[in-house]
Amino acid sequence: MGLAIPHLPATGAIAAFLQAVMIDLALAGAVVMLIGFALLHIHLLNLVGLLLAGLLISVTLMGVAATWITRLPHRFLWLSHVSLAIAFSVALHMTGEGHRSVVVDLGEVSAYNAALPAPLAITPDQVAAHQAGRN
């Protein structure tokens, strides 16, 4: 399922700030709960004050960084285009590598290589590296 975060209408800076704070608190709270359960398991729960201080510092720093980062694309439009290009290239690379991984896992490398041009073929070295990485 997932964590349900109520939608706030983006009517201004205050609404955007509140939405960012809610997301930061949800993420930081999940981390604190995970650490709390780990500490409970190893009987070090007397560090609650330290955990709360860490939560406060991390939420504050995330808020400051998010505010600073969200202002950058407004000042430098080219940064948005570069970020979009990087995200698109990473998505294409992950899709291609995932597809090749499925082809190797299914044992259909010869059919794949027969259907595609030589520069896109999966080499035996790549098959061996994939199988070694799985173990």
Side-chain angles (χ1 to χ4, degrees):
M1 295 221 146
L3 182 63
I5 298 175
H7 174 70
L8 295 175
T11 57
I14 293 175
F17 175 76
L18 290 176
Q19 194 169 18
V21 166
M22 286 175 44
I23 291 169
D24 287 345
L25 285 174
L27 292 173
V31 170
V32 167
M33 285 192 303
L34 178 67
I35 293 171
F37 287 132
L39 290 177
L40 182 63
H41 181 67
I42 58 173
H43 307 292
L44 293 175
L45 202 54
N46 58 351
L47 299 175
V48 172
L50 184 62
L51 284 174
L52 291 177
L55 172 65
L56 181 64
I57 291 170
S58 70
V59 168
T60 303
L61 289 177
M62 284 193 296
V64 169
T67 302
W68 182 72
I69 289 171
T70 55
R71 290 182 183 161
L72 286 178
H74 295 291
R75 281 191 264 160
F76 307 107
L77 184 60
W78 61 269
L79 190 59
S80 298
H81 298 292
V82 169
S83 299
L84 182 62
I86 290 171
F88 186 68
S89 112
V90 168
L92 283 177
H93 176 73
M94 290 177 67
T95 301
E97 287 299 313
H99 174 73
R100 293 167 68 91
S101 175
V102 169
V103 168
V104 171
D105 287 342
L106 293 176
E108 297 292 333
V109 175
S110 58
Y112 179 84
N113 288 343
L116 292 175
L120 298 176
I122 300 174
T123 64
D125 292 338
Q126 291 171 330
V127 172
H130 174 75
Q131 291 172 343
R134 249 188 343 181
N135 296 334

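Any value given below was found using the heavy atoms of this structure, including those in side chains, with hydrogens, waters and symmetry copies removed. Position 1 is the first residue of the sequence; numbering continues from there.
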Is there a side-chain contact between H130 and D105 (heavy atoms, below 4.5 Å)? yes

Under 3.5 Å, is there a donor-acceptor pair between the side chain of S101 and the main chain of E97? no

Intermediate values then yes/no, side chain to side chain contact (heavy atoms under 4.5 Å, CB included), R100 and Q126: CA-CA 10 Å; R100 293 167 68 91; Q126 291 171 330; 2.7 Å; yes

Do the side chains of W68 and F76 join up, straight or via other hydrophobic residues, at under 4.5 Å, putting them in one cluster? yes

State which residue, out of V104, V109, V102, fulfils the side-chain contact (heavy atoms from CB on, under 4.5 Å) condition with L106. V102

Minimum heavy-atom distance between V127 and I122, given as atom pair plus value: CG2-CG2, 3.7 Å

Is it the case that one hydrophobic cluster holds both I69 and L61, taking links as side-chain heavy atoms less than 4.5 Å apart, direct or via other members? no

Transitive ILVMFWY side-chain link V82 to L77, under 4.5 Å: no

Same cluster or not: I86 versus W78, using hydrophobic residues (I, L, V, M, F, W, Y) connected whenever any side-chain heavy atoms lie under 4.5 Å apart? yes

